[in-house]
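Step one of this worksheet: look at the structure below.
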Amino acid sequence: MRADASPLTEKHPAHVFRPLSEMLSGWEADGIDTASFRAGVETASRRYAAYGLAHMLPLDRVLVGCESSRVGAFGGFHHPDQGYRHLQMVAVITMYGPMERRNPERPALALLDLLRAYAHDCLHYGSRRRYVEVAGRPVRTQYGINFRRTGGQSYSAADQRGSHHTRNLGIVMEGACDAEARSISRQTAARFGFTEPLDSLGTLTYRDIDRDADEGGHRARGGTVGKRRADAVRGGPRRI
């Protein structure tokens, strides 16, 4: 089950998937600076270690989609049918931006998006799980603070239609993972002096990556200590 990851990519027959380690090496060979992603991973590793996560998701267990044969394919964190798959212990991610190519069109923004997805899936990888055997197959009955019956139904009730908040523990777990991931991507953007792009799509993507969960879901404003330090070291902010 964990040796063959092909069933995870079958929903995306037009995309070519490669291990993240291979993608990073290829980008670096083509002159793309991946230092922001690698620094962000180091930050995440230290932060998660304080939470008790001893090992990050191996880069070889992360599949990144690109070189799509589908005209107009556009990848990134919100691409459908991707994410961490607990039975196979593999994460499926797509390269941010136009996917009809191997290298990202906007490397800095793509690397921040990739960092967010990887940091997010590392928490899924590290969360406590419990399995039982049902009819010869493993069934997950616990994921973090969320428990399920052997039939797959969660003990945590679904939210009512139109609800403006949630008590569903599955959604709480997902939100907590993304809040951590966005915090790491935000710190990394500040450290490397990245600033909001000028175009509409780039602005929306950057704000989605960079927004501050501690400020009502809005991104952190400029002028932070981290950005001032990055500006001083690198000679000013860099648009991405």
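As the structure is a computational prediction, the values presented were derived from the model and not from experiment. Quick note: numbers below take in every heavy atom, side chains included, and nothing from hydrogens, waters or symmetry partners.
- Note on Leu53 and Val62: same hydrophobic cluster, where clusters join Ile, Leu, Val, Met, Phe, Trp and Tyr whose side-chain heavy atoms are under 4.5 Å apart, directly or indirectly.
- Heavy-atom minimum distance, Met56 versus Tyr118: CB-OH, 3.6 Å.
- Screening residues 72-93 for salt bridge (charged side-chain N to carboxylate O under 4.0 Å, His left out), with sequence neighbours left out, gives Lys11-Asp81.
- Residue Arg18 comes nearest to Cys66 through the heavy atom pair NH1-SG, 3.7 Å, listed as atom of the first residue, atom of the second, then distance.
- For the side-chain hydrogen bond (donor to acceptor under 3.5 Å, both in side chains) with His78, the lone residue among Asp113, Thr94, Asp208 that qualifies is Asp208.
- Put simply, OG1 on Thr188 and CZ on Phe192 are 7.0 Å apart, with the number rounded to the nearest 0.5 Å.
- Within the structure, the salt bridge (charged side-chain N to carboxylate O under 4.0 Å, His left out) test picks out no pair touching residues 117-126 (sequence neighbours left out).
- With sequence neighbours left out, Ser200 forms a side chain to side chain donor-acceptor pair (under 3.5 Å) with no residue at all.
- Nearest approach of Arg167 to Ser156, heavy atoms of both residues: O-OG, 3.5 Å.
- Atom CZ of residue Arg129 and atom CD of residue Gln142 lie 10.5 Å apart, to the nearest 0.5 angstrom.
- Atom-to-atom distance recorded for Glu196:CD and Thr205:OG1 is 10.5 Å, nearest 0.5 angstrom.
- Within the 4.5 Å cutoff, the side chain of Met89 has heavy atoms near those of the Tyr84 side chain.
- Residues meeting the side chain to side chain donor-acceptor pair (under 3.5 Å) test with Thr203, sequence neighbours left out: none.
- A heavy-atom distance below 4.5 Å is not found between the side chains of Leu115 and Ser36.
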Show the numbers, then the answer: is there a side-chain contact (heavy atoms from CB on, under 4.5 Å) between Asp199 and Arg106?
CA-CA 12 Å; Asp199 64 291; Arg106 306 175 72 167; 2.9 Å; yes

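- Annotation: side chain of Arg38 is in contact with side chain of Leu24 (closest heavy-atom distance under 4.5 Å).
- Listed by first and then second residue, the salt bridge (charged side-chain N to carboxylate O under 4.0 Å, His left out) pairs that reach into residues 147-160 come to none, sequence neighbours excluded.
- The salt bridge (charged side-chain N to carboxylate O under 4.0 Å, His left out) analysis of residues 39-58, with sequence neighbours excluded, yields the pairs Arg47-Glu180.
- Aromatic ring pairs are classed by plane angle as parallel below 30°, tilted from 30° to 60° and perpendicular above 60°; the pair Phe17 and His12 is tilted.
- Checking each of Arg102, Met99, His15 against Glu67 for a side chain to side chain contact (heavy atoms under 4.5 Å, CB included) leaves exactly one that passes, namely Arg102.
- Checked against side chain to side chain donor-acceptor pair (under 3.5 Å), Glu100 has no partners two or more places apart in sequence or in another chain.
- Expressed to the nearest 0.5 Å, how far CG of Leu63 lies from CG of Leu8 amounts to 7.5 Å.
- What you find for Leu87 and Pro138 is that their closest heavy atoms are CD2-CG, 4.0 Å.
- Annotation: ring-ring contact (aromatic ring centres under 6.0 Å, His included) contacts involving residues 38-77, sequence neighbours excluded, comprise Phe74-Tyr96, Phe77-His120.
- Of all non-hydrogen atoms in Ala91 and Leu57, the two that sit nearest each other are CB-CD2, 3.8 Å.
- Not a single side chain to side chain donor-acceptor pair (under 3.5 Å) links Thr43 to another residue, sequence neighbours left out.
- Between Phe147 and Thr141 there is no side-chain heavy-atom pair separated by less than 4.5 Å.
- Listed for the Gln82 side chain is a donor-acceptor partner under 3.5 Å among the backbone atoms of Gly76.
- Atoms CD and OG1, from Glu28 and Thr34 in turn, are 3.5 Å apart once rounded to the nearest 0.5 Å.
- Scanning both residues, Ile209 and Ser185, for their nearest heavy atoms gives O-OG, 3.0 Å.
- Each of Leu123 and Leu169 belongs to its own hydrophobic cluster when Ile, Leu, Val, Met, Phe, Trp and Tyr are linked at side-chain heavy-atom distances under 4.5 angstrom.
- Evaluation of the ring-ring contact (aromatic ring centres under 6.0 Å, His included) test over residues 149-168, restricted to residues two or more places apart or in two chains, returns none.
- A chain of hydrophobic side-chain contacts below 4.5 Å, direct or via other Ile, Leu, Val, Met, Phe, Trp or Tyr residues, connects Leu109 to Leu201.
- Summarising the geometry, atom CZ belonging to Arg186 is positioned 10.0 Å from atom OH belonging to Tyr206; distances are rounded to the nearest 0.5 Å.
- Using a 4.5 Å heavy-atom cutoff, the side chains of Arg116 and Asp178 are in contact.
- Hydrophobic clustering (side-chain heavy atoms under 4.5 Å, transitive across Ile, Leu, Val, Met, Phe, Trp, Tyr) groups Met95 together with Ile32.
- Ser127 meets the side-chain contact (heavy atoms from CB on, under 4.5 Å) test with Tyr143, Met173; sequence neighbours excluded.
- Residues Leu20 and Ile93 are not in side-chain contact: their nearest non-hydrogen atoms beyond the backbone lie 4.5 Å or more apart.
- Applying the under-4.5 Å side-chain rule to Ile, Leu, Val, Met, Phe, Trp and Tyr, the cluster around Val134 extends to Val132, Val139.
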